[in-house]
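Below: the structure, in C-alpha cells.
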Amino acid sequence: MASDPTAGLTCQANGENTPGRVSGSGRSCRHLSESESDVAPTVKSLARLCSRDEEERAAALEELSQEVLVCLGLDRPGSARLTKQTLLHLLRLSLSCPLQEVRGKATELLRTAQEQGVEVPRALASGPSAFIPAKQMLKEGPDQDILIESFLSLGRVDHITMVMALHPAYLSCFLRTQHALLELDGPLPRHWRHYIAVMAAARHHCSYLVQHHSAGFLEAGGEESWLSGLEYAPTKLRSLQTLNKLLAHRPWLITQQHIQELVCPGVEPRWSLAELIHAVVLMAHAHSLCSFVWGCGLNPEPDHIGGYTFQPPSPGHLPRSPHSPAHEDGRQELVDGAMEVEVLMKRMVELQQQQEEECTQEEMVTRFERERSESIPTAVVRGAPPDLVLRLVEDPEFRYEDFAPRGEQAPPTMRAQDYSWEDHGFSLVNRLLPDMGQLLDEKFQVVSNLTYHRMAMHEGVDTHTLRKALWNYIHCLYGIRYDDYDYGSVNVLLERSLKVFVKTMACHPEQTTTRIYHAFWRHFRHSEKVHANLIVMEARLQAALLYTLRAITHYMR
C-alpha cells in the first residue's frame with residue numbers, strides 16, 4: 001500500500017499565495033516537481049529516510065531535523081513555515097515508522113514545533129484497528145523485520161500492513177501481488193490502475209482505500225477532476241461500471257455478453273482482453289480488500305481525512321472512528337468462552353473421524369442448498385458514505401442479494417468441477433496477464449495452508465477442517481458447490497455468530513461492526529480472527545474471479 005513518501009513536503013511562505021491544492025485547513029500545500037526540489041531539500045531528506053544504508057538514513061534524519069528547525073525559527077512576516085502536509089508526514093512517521101530512531105526524531109520535532117506555538121496534528125485513533133487494542137497488537141506482533149522491509153521498500157507502513165504482519169508469510173505474498181498489480185509493467189497505465197481501484201473501493205463505501213488509491217492516482221499523474229465524479233473520467237473507464245458492481249455484489253450474474261460489450265471488435269472505446277483481465281483482477285482485489293479493511297475495523301491513516309485533527313482533545317471525549325458503528329459501544333460482557341472452544345474442538349475431532357463415511361450425492365446437494373439458503377441476518381445499515389466516496393458510485397442501491405430458496409428463481413449453482421481456479425482460471429490469467437496467475441495462486445495456497453497448529457488456548461491442533469469449512473462456506477454464499485464436500489460440516493463447525501460475521505464481511509463488508517467482530521470466537525486471539533479475515537478475503541476474491549473468468553472463457557470459444 002505504497003504512497004510516495006515525499007509528496008507535498010516543503011516550507012511555505014507566510015501569507016504567500018502559493019499555487020496548489022487547498023488543504024482541509026484552508027492552507028495551500030504544494031506538490032513539488034523534481035525541478036523544484038532544489039528549493040525544498042526536505043523532500044530529499046524524507047526520501048533518504050528509506051535508504052537501506054544506516055549512515056545515509058542518519059544523515060537524512062539530521063538534515064530533516066535541521067530543515068524543520070530552520071522553518072520554525074523563521075517566524076517573521078514573509079518567512080517560511082511548516083506546511084500542513086509536512087506536519088502530517090511527521091505525525092505518520094512518529095506513529096508507524098518501524099525504525100525507532102526515525103519514529104523518535106519525528107515525535108521530537110512535533111513536540112518542538114508545538115513548543116514554538118505551531119498547531120500540530122494528533123491522531124484521532126490509537127493504533128491501526130478499532131477492534132484490536134494497540135497494545136495487544138504490539139504484544140502479538142511478530143519480528144519487526146517485515147515491517148522495516150515494507151518501510152524501506154514503500155516509504156510507509158500502513159494499517160493494512162501492520163495488521164497483516166500478524167501473519168508474515170501471507171503479508172509477503174500479498175505485497176508482491178499488489179506491487180505487481182499497481183506498479184510493474186502491464187497493459188494499463190499506472191494512474192488508470194489506481195482509479196479502477198478507487199471505483200471498486202467506492203462500491204463498499206471504503207473511504208480508507210478510496211483515499212489511499214486517490215493519492216496513488218494523483219502521484220501517478222492522474223487528473224484531479226476525475227476524483228470529483230465518474231462523469232469526469234474517460235468513457236473507457238466508465239464502461240467498467242456494470243462489471244464493477246456485478247463483481248462487487250453479484251458476480252454470478254456476469255455473462256459472456258458483459259465481456260462482449262467491452263472487448264468485441266467495433267466497440268468504441270474497446271478493451272483488449274489483456275487490459276480487461278488486468279482491470280478485473282484490480283477490481284476484485286480492491287473489493288476483497290474492502291472486506292479486510294472493514295472486517296478488521298481499520299482506522300483511517302493518521303495523514304488521511306478522518307485520521308487526524310488540529311484541535312486539542314476535549315476532556316473525557318474520545319472521537320469515534322468512522323469504522324466503529326454509531327450507537328454501539330462494541331463492548332461484550334466478560335463471558336467465559338472456554339466451553340465454546342471445547343465444543344468446537346470435540347466437533348472437529350468427530351468430523352475427522354467420520355470423514356470415511358459416505359452419503360449419497362443427493363444428500364450432499366441437499367446439505368449445500370440448506371447452507372446456501374439459510375437466513376443469516378446482516379447488521380444495521382450504516383448512514384450515507386462521505387461525499388468523496390458517494391460521488392464515485394453509480395447505482396448505489398445495487399447490493400448483494402441472498403440466493404432465492406431452492407425451487408424459486410434461484411441463480412444456477414457453479415459446480416467447482418466444471419470451472420475451477422486450478423484447472424481453468426489460473427492458466428487463463430497467466431496467459432493474458434503474465435505471472436499474475438502465479439502470484440494469485442501463491443496467495444491462495446498460502447492462506448489455505450496457513451496454520452500455527454493452535455486454537456485459542458490449545459496447542460498441537462489440526463485446524464484443516466475448520467479452515468476448509470470457512471473457505472467452502474464463503475464459496476457457498478457465492479453459489480459455488482464442491483461435489484466432494486459435505487456441507488453438513490459447515491453447520492457443525494461454524495456457529496451462528498461466526499456465520500453472521502463471515503457473511504457480513506464477505507457480502508456487505510461496510511456493515512461490519514465492532515459488536516459482530518467481538519461476538520464470535522470470544523476466547524480466541526485477535527491474530528486468529530485476523531486469520532479468519534484473510535480466509536474470507538481470499539475465498540471471496542477467488543469466487544468473484546471464477547465467475548468473470550468463466551464468462552471470458554465462454555467469450556473466447
Side-chain angles (χ1 to χ4, degrees), residues 200 203-204 240-262 276-277 279-288 290-291 364-376 378 394-395 397-426 428-429 440 444 470-483 485 487 490 499 502-510 535-557:
R203 289 294 332 167
H204 286 307
L240 288 174
Q241 279 306 309
T242 297
L243 199 57
N244 182 27
K245 72 180 184 182
L246 291 175
L247 201 55
H249 308 298
R250 303 177 211 167
W252 51 87
L253 297 180
I254 296 172
T255 65
Q256 173 183 341
Q257 183 65 29
H258 293 112
I259 306 304
Q260 188 169 330
E261 288 170 1
L262 294 167
L276 186 61
I277 281 281
V280 163
V281 177
L282 275 167
M283 287 187 289
H285 173 83
H287 295 149
S288 62
C290 288
S291 288
M364 298 274 263
V365 173
T366 301
R367 291 177 183 181
F368 169 81
E369 293 294 346
R370 189 182 300 136
E371 283 302 326
R372 190 175 82 151
S373 58
E374 183 183 14
S375 177
I376 298 290
T378 51
E394 184 182 274
D395 192 7
E397 301 306 314
F398 188 89
R399 316 303 296 160
Y400 173 90
E401 283 187 358
D402 285 341
F403 288 102
R406 194 175 172 190
E408 295 182 21
Q409 195 65 31
T413 297
M414 177 191 276
R415 295 175 68 246
Q417 283 70 14
D418 294 339
Y419 199 92
S420 69
W421 169 256
E422 294 78 10
D423 297 333
H424 308 91
F426 168 78
L428 179 60
V429 173
L440 289 169
F444 294 147
L470 266 173
W471 184 281
N472 286 359
Y473 177 59
I474 294 138
H475 277 204
C476 174
L477 292 173
Y478 276 74
I480 298 172
R481 175 166 63 85
Y482 295 86
D483 285 349
Y485 183 73
Y487 287 87
V490 171
K499 282 185 175 179
V502 168
K503 183 174 180 182
T504 304
M505 187 181 150
C507 307
H508 311 273
E510 61 279 6
I535 293 172
V536 175
M537 177 173 77
E538 292 297 334
R540 176 195 173 169
L541 171 64
Q542 190 182 97
L545 284 176
L546 284 174
Y547 282 109
T548 319
L549 296 173
R550 183 179 67 172
I552 292 173
T553 300
H554 289 167
Y555 168 78
M556 292 171 67
R557 282 177 181 164

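- Across all their heavy atoms, P509 and C507 have their closest contact at CD-C, 3.5 Å.
- Here the side chain of H258 pairs a donor or acceptor atom with the backbone of T255 at under 3.5 angstrom.
- Listed for the Y487 side chain is a donor-acceptor partner under 3.5 Å among the backbone atoms of Y482.
- Here the side chains of Q256 and M556 are not in contact, with every heavy-atom distance at 4.5 Å or above.
- The distance from atom CD1 of I480 to atom CG of L546, rounded to the nearest 0.5 Å, is 5.0 Å.
- In this structure, E394 CD and T242 OG1 are separated by 6.5 Å, a value rounded to the nearest 0.5 Å.
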Please walk me through it: do Y400 and K503 pass side-chain contact (heavy atoms from CB on, under 4.5 Å)?
CA-CA 11 Å; Y400 173 90; K503 183 174 180 182; 4.1 Å; yes
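- In this structure, the side chain of H424 engages the main chain of S420 through a donor-acceptor pair within 3.5 Å.
- With sequence neighbours left out, the salt bridge (charged side-chain N to carboxylate O under 4.0 Å, His left out) criterion links D395 to K245.
- The shortest distance between side-chain heavy atoms of K499 and Y473 falls below 4.5 Å.
- Within the model, atoms CG of L243 and CG of L262 stand 6.0 Å from one another, a figure rounded to the nearest 0.5 Å.
- Atom-to-atom distance recorded for E510:CD and T504:OG1 is 10.0 Å, nearest 0.5 angstrom.
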Taking only distance into account, with no hydrogens and no angle test, what donor-acceptor pairs under 3.5 Å do side-chain atoms of residues 535-542 form with protein atoms, sequence neighbours excluded?
unit_1: E538; atom_1: OE1; unit_2: K443; atom_2: NZ; d: 3.1
unit_1: E538; atom_1: OE2; unit_2: Y170; atom_2: OH; d: 2.4
unit_1: E538; atom_1: OE2; unit_2: K443; atom_2: NZ; d: 2.8
unit_1: R540; atom_1: NE; unit_2: Y478; atom_2: OH; d: 3.3
unit_1: R540; atom_1: NH1; unit_2: H204; atom_2: NE2; d: 3.3
unit_1: R540; atom_1: NH1; unit_2: H287; atom_2: O; d: 3.2
unit_1: R540; atom_1: NH1; unit_2: S291; atom_2: OG; d: 2.9
unit_1: R540; atom_1: NH2; unit_2: H204; atom_2: NE2; d: 2.8
unit_1: R540; atom_1: NH2; unit_2: A248; atom_2: O; d: 2.8

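- Closest of all the heavy-atom pairs between L477 and W252 is O-CZ3, 4.3 Å.
- In plain terms, the two heavy atoms of A286 and A200 that are nearest each other are CB-CB, 3.6 Å.
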Show the numbers, then the answer: is there a side-chain contact (heavy atoms from CB on, under 4.5 Å) between L247 and Y547?
CA-CA 9 Å; L247 201 55; Y547 282 109; over 6 Å; no
Please step through side-chain contact (heavy atoms from CB on, under 4.5 Å) for the pair V490 and C476, ending with a clear verdict.
CA-CA 10 Å; V490 171; C476 174; over 6 Å; no
Could you go through L545 and V429, starting from their C-alpha distance and side-chain angles, then the distance that decides it, and tell me whether this counts as side-chain contact (heavy atoms from CB on, under 4.5 Å)?
CA-CA 10 Å; L545 284 176; V429 173; 5.8 Å; no
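- Going from atom CZ of F398 over to atom CD of Q241 covers 12.0 Å, rounded to the nearest 0.5 Å.
- Among residues two or more places apart in sequence or in another chain, the salt bridge (charged side-chain N to carboxylate O under 4.0 Å, His left out) test is passed with R550 by none.
- The structure places CD1 of I254 at 3.5 Å from OG1 of T548, a figure rounded to the nearest 0.5 Å.
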